Amino acid sequence: MKHSAALVAAVGLALGGTVATSSAAFGASCPSGQFCAWTDADFGGQRTNWSGDDEDWEDPIQDQDSSWANHGISGPGIKDHVQVYENPGLIGLGTVCLGPGQEIASDSWGNDSGDSHTWKMEC
Ligand SMILES: [Ca+2]
C-alpha cells in the first residue's frame with residue numbers, strides 16, 4: 001500500500017508539473033477568452049476578468065488597475081485587441097491597449113487609471 005500511495009503522489013506531482021508548464025506559456029493567470037486586470041503590478045493583488053466590454057468598471061479594479069493581460073480569442077474578423085480608457089463610457093484618453101496574447105506587468109501611464117474597456121480590431 002505504501003508503494004501505491006507513493007506512486008499516486010508521484011503521478012500527482014507529474015500532472016501538477018505539466019499544468020504549471022503549460023500555463024507558463026502565459027506569464028499571467030487569466031482564463032482563456034478573457035481580458036484580465038489586476039490591482040497590483042506583476043499580475044498581483046485582486047484580479048477582475050471580462051469576456052466582453054465593460055463601460056463602467058467597479059471596485060476593486062476601478063482606477064486601481066496596475067497590470068493587464070489579453071487572453072482573448074484571436075482570429076480573422078475577431079475583435080481581439082483591448083483598449084482601456086481613463087473614464088467610464090469608453091471616453092477620455094486611452095490608457096493601455098493590448099494586442100492578442102499581450103500581457104503588461106506594469107505601465108506608468110496606465111497605472112490606476114482605468115474606468116472602462118472595449119474589444120476592438122486593432123490598437
Ligand atoms: Ca493599483
Side-chain angles (χ1 to χ4, degrees):
M1 286 302 288
K2 278 185 177 177
H3 188 242
S4 299
L7 184 60
V8 169
V11 170
L13 283 174
L15 287 173
T18 301
V19 170
T21 301
S22 60
S23 66
F26 283 124
S29 176
C30 178
S32 178
Q34 307 224 337
F35 165 58
C36 297
W38 289 260
T39 55
D40 294 346
D42 298 322
F43 319 109
Q46 288 187 266
R47 187 188 78 191
T48 301
N49 44 291
W50 303 264
S51 55
D53 295 357
D54 187 344
E55 298 194 7
D56 190 6
W57 288 9
E58 298 178 346
D59 285 339
I61 198 64
Q62 180 184 36
D63 292 324
Q64 298 295 329
D65 52 325
S66 296
S67 50
W68 308 262
N70 174 3
H71 288 188
I73 304 300
S74 185
I78 295 177
K79 292 181 177 179
D80 53 11
H81 293 62
V82 180
Q83 175 70 61
V84 179
Y85 294 89
E86 65 168 352
N87 292 324
L90 311 177
I91 57 175
L93 295 172
T95 61
V96 292
C97 189
L98 298 89
Q102 186 177 359
E103 299 175 342
I104 301 176
S106 66
D107 184 276
S108 59
W109 169 257
N111 189 51
D112 293 343
S113 296
D115 276 349
S116 58
H117 79 272
T118 188
W119 295 86
K120 53 194 296 188
M121 296 300 293
E122 57 188 15
C123 285

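What's counted below: heavy atoms across the whole structure, side chains too, no hydrogens, waters or symmetry copies. Quantities reported herein were computed from a predicted structural model and do not represent experimental measurements.
Chaining together hydrophobic side chains whose heavy atoms lie under 4.5 Å apart places W50 alongside F35, W57, I61, W68, V82, V84, V96, L98, I104, W119.
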Run the side-chain contact (heavy atoms from CB on, under 4.5 Å) test on W38 and C30 for me, step by step, so that the C-alpha distance in whole Å, both residues' side-chain angles and the decisive distance to 0.1 Å come before the verdict. CA-CA 10 Å; W38 289 260; C30 178; 4.0 Å; yes

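C36 has its side chain within reach of P31: a pair of non-hydrogen atoms, C-beta onward, lies under 4.5 Å apart. Taking the side chain as every heavy atom from C-beta outward, D56 and S116 never approach each other to under 4.5 Å. Under the 4.5 Å side-chain criterion, counting only non-hydrogen atoms from C-beta, S29 is in contact with R47. A heavy-atom distance below 4.5 Å is not found between the side chains of Q34 and H71. In this structure, the side chains of H81 and Q102 stay at 4.5 Å or more apart for every pair of heavy atoms.
Using a distance-only test at 3.5 Å, with no hydrogens or angles considered, a donor-acceptor pair links the side chain of S67 to the main chain of F43. Listed for the T39 side chain is a donor-acceptor partner under 3.5 Å among the backbone atoms of Q46. At distances below 3.5 Å, at least one donor-acceptor pair connects side-chain atoms of N70 with backbone N or O atoms of D80.
In this model, no donor atom of one side chain and acceptor atom of the other lie less than 3.5 Å apart for D40 and S66. H117 and E55 form no side-chain donor-acceptor contact under 3.5 Å, judged by distance and modelled atom types alone.
The residue from T118, D54, D115 that alone fulfils the side chain to side chain contact (heavy atoms under 4.5 Å, CB included) condition with L90 is T118.
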